[in-house]
Number of protein chains: 2
Amino acid sequence: MVDREAGRALHRQLADLLRDQITSGTLGPGDRLPAEDYLAQTYDMSRTAVRRAIELLVYEGLLIKARGLRTQVREQPVRQVVLLNAEDTAETRMPGEAERLALGIPAGEPVLVVRRMTGETEVYAGAATTIRAAG
Amino acid sequence: MVDREAGRALHRQLADLLRDQITSGTLGPGDRLPAEDYLAQTYDMSRTAVRRAIELLVYEGLLIKARGLRTQVREQPVRQVVLLNAEDTAETRMPGEAERLALGIPAGEPVLVVRRMTGETEVYAGAATTIRAAG
DNA sequence: CTTGATTTGTACGTATGTATT
DNA sequence: AAATACATACGTACAAATCAA
């Protein structure tokens, strides 16, 4: 489980455990985590440490938080294909908070910025797009 | 400055202020932020709130933290072009902590995953690549 | 080389606010 | 209305890394 003598921060150890459960499928998309208080008791750490662990996974795009609800394993959206023509370029980066809210995407999701040769710029939710070369 | 009656969390308000200084160029790449304690006194909030503000900007890819040093405005790397051939696809997502450390990229940077039609998979630091269609 | 000052990291506790069920 | 659960905000203490004397 978690080991206080491990030389690794408690919240990182818990994040590792939860990440494993998600990537292995023990926790599937849409599943809800136990409440923070429950996790704190179960793993014998403070709620603060639990929240830090969950925060790490939110920023990895694995979890979605909502106040009052329990934290949920994120559903991976179906990826829509974005075609890249000759002379177009695409870049990825993290959005600022305002931009993220404007696009309606959750924390932990990068954006994809496509610059068309026409000069137009398109911004996509990164987790919902697959890039492919046109032609 | 920050307004406790604004109905907006203190750490989000401070993050807004710092983000503005970075994007406007008042704080340039490589510049160091004041120490957390100093910011806490200056903006009359706890060190906890200051740390949360900084954390937001780290996850937006704007700041780099290291223990013992002061927090630094991130240098944006020169982007290297990745060519996408017909039948290749590219996707972006956030890396897990282990993957991120293995690739040697800081928190707040997405990865770019290219799947070649040959079956090979390439993983790049997202902030250091520009995608372009071959041909 | 060692010490001390500075600065960030981890971990705990408490209290109160807000959203959902 | 009440219970549950996450959000914000404060405080304390000590650990660990860095840098300068």
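The basis for the numbers below is simple: all heavy atoms, side chains too, and nothing from hydrogens, waters or symmetry mates. Per chain, numbering begins at 1; letters A, B, ... match sequence-line order.
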Can you tell me how far C1' of dA15(D) sits from CZ of Arg8(A), to the nearest Å? 17 Å
Distance below 4.0 Å between Arg4(B) side-chain N/O and dG17(C) OP1 or OP2: no
Whole-Å gap separating C1' (dA7(D)) and CD (Glu55(A)): 11 Å
The nucleotide from dG11(D), dT8(C), dG13(C) with an atom nearest the side chain of Ser46(B) is dG11(D)
Quick note, Arg67(B) side chain, CB onward, closest among dA9(D), dG9(C), dA7(D) is dG9(C)
Among dT8(C), dT8(D), dG11(D), which nucleotide sits nearest the side chain of His11(B)? dT8(D)
Scan every strand shown for a Watson-Crick or G-U wobble partner of dA9(D), both distances under 3.5 Å, and answer none if you come up empty. dT14(C)
Round to the nearest Å and state the distance from Arg52(B) atom CZ to dT8(C) atom P. 18 Å
Using atom CD of Gln72(A) as one end and atom P of dA5(D) as the other, report the distance to the nearest whole Å. 15 Å
Contact check, side chains of Met45(A) and Val2(A), non-hydrogen atoms, under 4.5 Å: yes
Roughly, in whole Å, what's the span from CD in Gln41(B) to P in dT6(C)? 13 Å
Using the salt bridge (Lys or Arg N to Asp or Glu O under 4.0 Å) rule, pick out the option among Arg74(B), Arg100(B), Arg93(B) that qualifies with Glu109(B). Arg74(B)
Closest nucleotide among dT18(D), dC10(D), dA7(D) to the Leu69(B) side chain: dT18(D)
For Glu36(B) and dT12(D), what is the distance between atoms CD and C1' respectively, to the nearest whole Å? 16 Å
Using a heavy-atom cut-off of 4.0 Å across all strands, would you classify Arg12(A) as base, sugar-phosphate, or nothing? sugar-phosphate
Does the pair Glu55(B)/Lys65(B) count as a salt bridge with the N-to-O cut at 4.0 Å? no
Protein-nucleotide distance (Ile54(B), atom CD1; dT8(C), atom C1'), rounded to Å: 9 Å
Please state whether the base of dG9(C) and the side chain of Arg47(B) form at least one donor-acceptor pair under 3.5 Å? yes
Nearest listed nucleotide, side chain of Leu10(A), among dA11(C), dT7(C), dA7(D): dA11(C)
If you check the Arg51(B) side chain, which of dC6(D), dT7(C), dT10(C) turns out closest? dT10(C)
Looking only at the side chains, is there a donor atom on one of Glu91(A) and Thr130(B) sitting less than 3.5 Å from an acceptor on the other? yes
Can Asp16(A) and Arg8(A) be counted as an ion pair, charged N to O under 4.0 angstrom? yes
Is the phosphate of dC19(D), meaning OP1 or OP2, less than 4.0 Å from a side-chain N or O of Arg70(B)? no
Nearest-Å distance for atom pair CD/C1', residues Glu5(B) and dG17(C): 14 Å
